[in-house]
Every structure is written in structure tokens, then in C-alpha cells.
Amino acid sequence: MIARLRNDFRLTIITLLGSVTAVVLGSFLLWRLSRGDWGIAALDAAVVLTMLVIMRFAWREGGTERAGAWMVVLNSGFSALACLTMGAAASGWVYVALMTNYYLAPLRVATWSGATLLLCASATLLWRDVGPYHVSTLVTWSLVYGFSMVFARRLRTHSASLEQLASVDPLTRIPNRGVLEDDLRHAIATGQSGRMGLLVLDIDRFKAVNDTFGHAAGDAVLVDLAALLREELRQGDAVYRFGGEEFVMLMPMASEQALTRAAERIREAVATRLIGPGGHITVAVGGAMLSAERDWQDWFARADASLYQAKRDGGNTIAVAPPL
């Protein structure tokens, strides 16, 4: 449970906010029941029950984005209703909702829910009375909402940039090894055995290109190869840079024979269309269908062994592992 909270920030906020809200309002619920405040006690009970249901959904179904969106909408609605029934005494819950909305839901949902809450709470506050306290409360609500929105926008832009840096190879602009490993794990976890093929490509005599023409020329070859492989992708296919001069393609396939035909198509496309500073560039291609493997490294090892067989055969050829 702790590991899951560490790896899912939205789930952490949903759990923290939901738990604190349930405990605090649960205490108020008991107190109000003892005083006979049935109306407000019913509101407290509705909030507590809603928080528990949303937390259960987030933990059991894993839909933290949807759970967070529902929590934002309901928190904003309950806060507005609290302002209507309790007046200025509910202003603290407005602050909490305005500050936490952007941590829980997509930006659009948080922005519109916060704006609606701000308008409703402000109208309720000023409708009862207009004084320095009420004006200052309205101003601070507006500042909290505005700063939270600006901070959330900048944070999400920064997070998107970091995510791209972590998942995209900076030279070829295609997904890197980390993304490949995640996709291989996903293929195994979702039972794609016999329906997913893996190709590993290695540029023939690439060291000679670097040694003869320089690393800038070698980098240009890698960029051109990545662009060519992208052009050869079918719907559902994916290409990655594994490292150095090795590239990997993940392709839905029905059989070893279909994977062999795909490997030959890729090999021929490279041999006929990719030209480096010293002439045509060729690749060796190894492949393997997902079979009974339970670890992505075992699957990759079979494709890698086929690649080395193709390299031993002189390059510019293919080899596909037999089924297990």
C-alpha cells in the first residue's frame, strides 16, 4: 500500500483529503447529532459517505483521474452548500476545496469547479451581509483560486516536459528503452502471447561509419533510420531506440511467419532507401514472438539471440526465433 501511494501522487492526495475530511466531519456529525442539528448533520453524513465511496473506487478500480474529478466536483458542491447553510463559518472549507482541486482533477475540471464554487460562495457570503470581513474573505478566496490555477498550469507544463525528457530519445525523437520495457511488460501482463512480435535491429558495420566519417555522420544515420522506421509503422506498431545503433520494433503479429515477412520488409526498406556518407546502410534483424515468457527480458533475449545469428550470417539478413 505504501509503495502504491509513493508511485501515485493523485491517489495519495485523494486518500489524504478523503481520510481527513471523513474523520473531521465524522466528529462534527456526532457532535451535531448530540445537539439535534439534523439538517447540517445530514450534510456532514453525505460528505463523509461520498468521500469513502470515492476513496474505495480509487483504490479498487485504479481510476484515480476519474475519482479525483468526482471528488473535486462534489467537494465544490458541498462547500457551496455549506456556505448556504452555515454562512461564514464554512469559509474554511472553501479554502480547502480551492487549494486541493488542482491536485485532484484535470485542469479543466478543477478550473470550472473552482470558479463555480467561488461565485456561489461569494454570492452567499455577500448576500447575508457586506462588511470588511466579508470583502477580505472574498479577496483571499480569489487570490487562493488564482494562484492555485497559475501554479497548477506551470507545474503540469513542467511535468509534461520532464516526462518527455524521460521517455523520448533526445537524438532520434522516438521512445527510449524505458518506454520499451514498460510496453513489453504490458504486453506480457495483458496476455498477448502468440499475438505480439518483437524485432531487434542493429546497423551493420556502424563503427566504421563513425571511425571513417565522424560521430556527426553516425548520428545523422541514426536519425535517418529512426525516421524510416517510423514511416514503416503500421497501425498498432511501435519503434524504440534501445541504445547505440540498436532499434526495437513491437508489432501485433499472428505467427512467426507473419513476423518473418515483417522483418524482411523492414530489412529491404532500410537496404534500398537508407544511404549514409559511404553508401547504402543495411541492418541485421532478429525477431521473436511472445510465447510463454513471464519476464520481458526472457522474450527480448530470444529476439536478441536471433539478431546475433543474423549478424553471424554476415548482416543485411533476418532471423526469427522458433516458437517455444
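Here the structure is a predicted model, which means the values were calculated and not measured.
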Side chain proximity check, E256 to P323, heavy atoms < 4.5 angstrom: yes

Results of salt bridge (charged side-chain N to carboxylate O under 4.0 Å, His left out) for D211 - residues two or more places apart only: K207

Close side-chain approach of L16 to V20, heavy-atom, < 4.5 Å: yes

Verify same cluster id: L118, W112 (apolar side-chain graph, 4.5 Å): no

Presence of salt bridge, D204 and K311, under 4.0 angstrom: yes

Side chain R32, main chain I40, donor-acceptor under 3.5 Å: no

Same apolar cluster (I L V M F W Y, side chains within < 4.5 Å links), V23/M55: no

N75 vs M51 side-chain heavy atoms within contact, under 4.5 Å: yes

Note, T15 side chain near W59 side chain (heavy atom, < 4.5 Å): yes

Side chain to side chain donor-acceptor pair (under 3.5 Å) between S113 and N101, worked out: CA-CA 8 Å; S113 296; N101 279 357; 5.5 Å; no

Check: V168 and I174 side chains under 4.5 Å, non-hydrogen atoms: no

ILVMFWY cluster, V96 and L29 together (side-chain gap under 4.5 Å): no

Stepwise side-chain contact (heavy atoms from CB on, under 4.5 Å) test for I275 and I281: CA-CA 6 Å; I275 301 176; I281 300 294; over 6 Å; no

Nearest atoms (heavy-atom pairs only) where L25 meets D44: CD2-OD1, 3.8 Å

Full working for side-chain contact (heavy atoms from CB on, under 4.5 Å) between V48 and T21: CA-CA 7 Å; V48 170; T21 302; over 6 Å; no

Polar side-chain atom of S76 near backbone of V73 as donor-acceptor pair, under 3.5 Å: no

Step-by-step salt bridge (charged side-chain N to carboxylate O under 4.0 Å, His left out) determination, R267 to E264: CA-CA 5 Å; R267 183 208 62 78; E264 177 58 28; 2.6 Å; yes

Nearest-0.5 Å distance, CZ of residue R230 to OG1 of residue T172: 7.0 Å

Within-4.5 Å side-chain heavy-atom neighbours: Q257 and R261: yes

Derivation and outcome, side-chain contact (heavy atoms from CB on, under 4.5 Å), residues L98 and S148: CA-CA 8 Å; L98 292 175; S148 296; 5.7 Å; no

For residues 238-252, which side-chain donor-acceptor pairs fall under 3.5 Å, sequence neighbours excluded?
from: Y240; atom 1: OH; to: D183; atom 2: OD2; distance (Å): 2.6
from: R241; atom 1: NE; to: G244; atom 2: O; distance (Å): 3.1
from: R241; atom 1: NH1; to: D169; atom 2: OD1; distance (Å): 3.4
from: R241; atom 1: NH1; to: D169; atom 2: OD2; distance (Å): 3.3
from: R241; atom 1: NH2; to: G244; atom 2: O; distance (Å): 2.9

Validation row: P277, V209 side chains within 4.5 angstrom (heavy atoms): yes

Where N176 and A166 come nearest, the two heavy atoms and their spacing: ND2-O, 2.9 Å

Heavy-atom pair of closest approach, residues A269 and T272: O-OG1, 3.4 Å

CZ on R302 to CE on M289, rounded to 0.5 Å: 9.5 Å

Non-hydrogen atoms of A67 and F57 that approach each other most closely: CB-CD2, 3.7 Å

Residues W299, S291; criterion side chain to side chain donor-acceptor pair (under 3.5 Å); working and verdict: CA-CA 8 Å; W299 182 18; S291 187; over 6 Å; no

Side-chain heavy atoms of L324 within contact of E293, under 4.5 Å: yes

hydrophobic_cluster_shared for W93 and W70, side chain cutoff 4.5 Å: yes

From H215 atom NE2 to D219 atom CG, the distance as rounded to the nearest 0.5 Å: 8.5 Å

Trace of the side-chain contact (heavy atoms from CB on, under 4.5 Å) decision for V283 with N316: CA-CA 5 Å; V283 295; N316 194 25; over 6 Å; no

R265 side chain to E232 backbone, donor-acceptor under 3.5 Å: yes

Transitive ILVMFWY side-chain link L180 to L201, under 4.5 Å: no

Parallel, tilted or perpendicular: rings of Y103 and F151 (30°, 60°): tilted

Distance-minimising heavy-atom pair for R195 and T190: NH2-O, 4.3 Å

Smallest separation among heavy atoms of A97 and L117, with atom names: CB-CD2, 3.6 Å

